[in-house]
Amino acid sequence: MMNFYKYQGTGNDFVMIDNREGTFPKDNEKLIAHLCDRRFGIGADGLILLENDSQYDFRMVYYNSDGRQSTMCGNGGRCVVAFAKQLGVIERETLFIAIDGEHRATIEGDNYVHLQMKNVTSVEEHPDYVFLNTGSPHHVQWVDDVETVDVKPEGAVIRYGTLYADKGGSNVNFVSKGENGFKVRTYERGVEDETYSCGTGVTAVAIALYHTKQTKAQTITLHTRGGDLQVSFDRVAEEYKNIYLSGSAQFVFEGVIK
């Protein structure tokens, strides 16, 4: 038997497991995929283990819903910070380690998390899209209206196309400007479908918007299907530093895996 916790950040949902005692079978891709299955398991976009680390408050280990360990997940990072607070591992601030390095975070109120993301040192600008890595690889595609995009098939064409074959594919974000600001819809690699929100994705979009001079703001609110996320950053020479992803991270329910 094993306890689990369900969290969501702007509709991006995760199975959380306290693995500080190291009892979870981390290499069992089939089990992880089963737990993330929405019909036969708990249902989630990914699974996150919170583990001990001698140099940090905790270690975050993230798996996509296909059962495979993956690159950094921004919304998952915010949710694991809220989870660490629920477990009593941290109080209001933390320094933890993930696959892409260390992250600082603070919790405002009960569930609003500010998560520092990795620095961005390279932005590849093309006529109708931008590519950058914000802890995970992201293709940012400019479109007239994201509401008319058929995200799953159109995202899959780019994700599996020749453009990113040497990178193992890329996440794909479709972006358009509406009356109330910029809207984002994301096809996530590893989920192989549209998710309600993607933290590393909106971080990539915010930097891409600034880099291509579509905004002068260095604090940007992005509208996703699951809600709003805020990204702030500093431009230092050719790099982007002090990048923070901010938004709610909500506990949904807990249960027992038998």
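Distance OG1/T200 to CD1/I243: 11.5 Å, rounded to 0.5 Å. Here the straight-line distance linking atom OH of Y62 with atom CG of L49 works out to 12.0 Å at 0.5 Å rounding. Separation of atoms OG1 (T94) and CD (Q116) is listed at 12.0 Å; rounding is to 0.5 Å. For the atom pair E51 CD and I97 CD1, the distance stands at 12.5 Å (nearest 0.5 Å). For the atom pair CG of L50 and CD of Q86, the computed distance is 11.0 Å after rounding to the nearest 0.5 Å. For the atom pair CD1 of I48 and SG of C79, the computed distance is 6.5 Å after rounding to the nearest 0.5 Å.
Aromatic rings of F233 and Y240 (six-membered ring for Trp) have centroids within the 6.0 Å cut-off, being under it. The ring of Y7 has its center no closer than 6.0 angstrom to the ring center of F14. Between Y187 and F174, the ring center distance fails the sub-6.0 Å criterion.
A salt bridge is absent between E93 and K85; no separation between the charged side-chain nitrogens and carboxylate oxygens falls under 4.0 Å. With respect to the salt-bridge test (charged N to carboxylate O, under 4.0 angstrom), the residues R39 and D37 do not qualify. Using a 4.0 Å cut-off between charged nitrogen and carboxylate oxygen, R185 and E154 do not count as a salt-bridge pair. With respect to the salt-bridge test (charged N to carboxylate O, under 4.0 angstrom), the residues D145 and K177 do not qualify. The pair R189-D66 does not meet the salt-bridge criterion, since no charged nitrogen lies less than 4.0 angstrom from a carboxylate oxygen. Salt bridge status for E254 with K6: absent, with no side-chain N to carboxylate O gap under 4.0 Å.
For the pair I207/L132, a side-chain contact is recorded, criterion being any heavy-atom separation below 4.5 Å from C-beta on. In this structure, F131 and P137 have side chains that are in contact, with non-hydrogen atoms separated by less than 4.5 Å. Between H211 and E125 there is a side-chain heavy-atom pair separated by less than 4.5 Å. Side-chain atoms of K183 and H223, non-hydrogen and from C-beta on, do get closer than 4.5 Å to each other. Under the 4.5 Å side-chain criterion, counting only non-hydrogen atoms from C-beta, V175 is not in contact with V143. Within the 4.5 Å cutoff, the side chain of K30 has no heavy atoms near those of the I32 side chain. By the 4.5 Å heavy-atom criterion applied to side chains, E192 and R159 are counted as neighbours. At a threshold of 4.5 Å between non-hydrogen side-chain atoms, the residues I17 and L47 count as touching.
Considering H138, H139, E188 in turn, H138 is the only one that fulfils the side-chain hydrogen bond (donor to acceptor under 3.5 Å, both in side chains) rule with N173. With T134 as reference, V120 is the one residue of D100, T71, V120 to meet the side-chain contact (heavy atoms from CB on, under 4.5 Å) rule.
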Output, in order, the C-alpha distance, side-chain angles, deciding distance and verdict of side-chain contact (heavy atoms from CB on, under 4.5 Å) for K241 and R235. CA-CA 6 Å; K241 298 184 175 181; R235 177 77 182 265; over 6 Å; no
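Taking a 6.0 Å sphere around NZ of K152, one finds it holds 12 or fewer heavy atoms contributed by other residues, nucleotides or ligands. Other residues, nucleotides and ligands place more than 12 heavy atoms under 6.0 Å from the CZ atom of R38.
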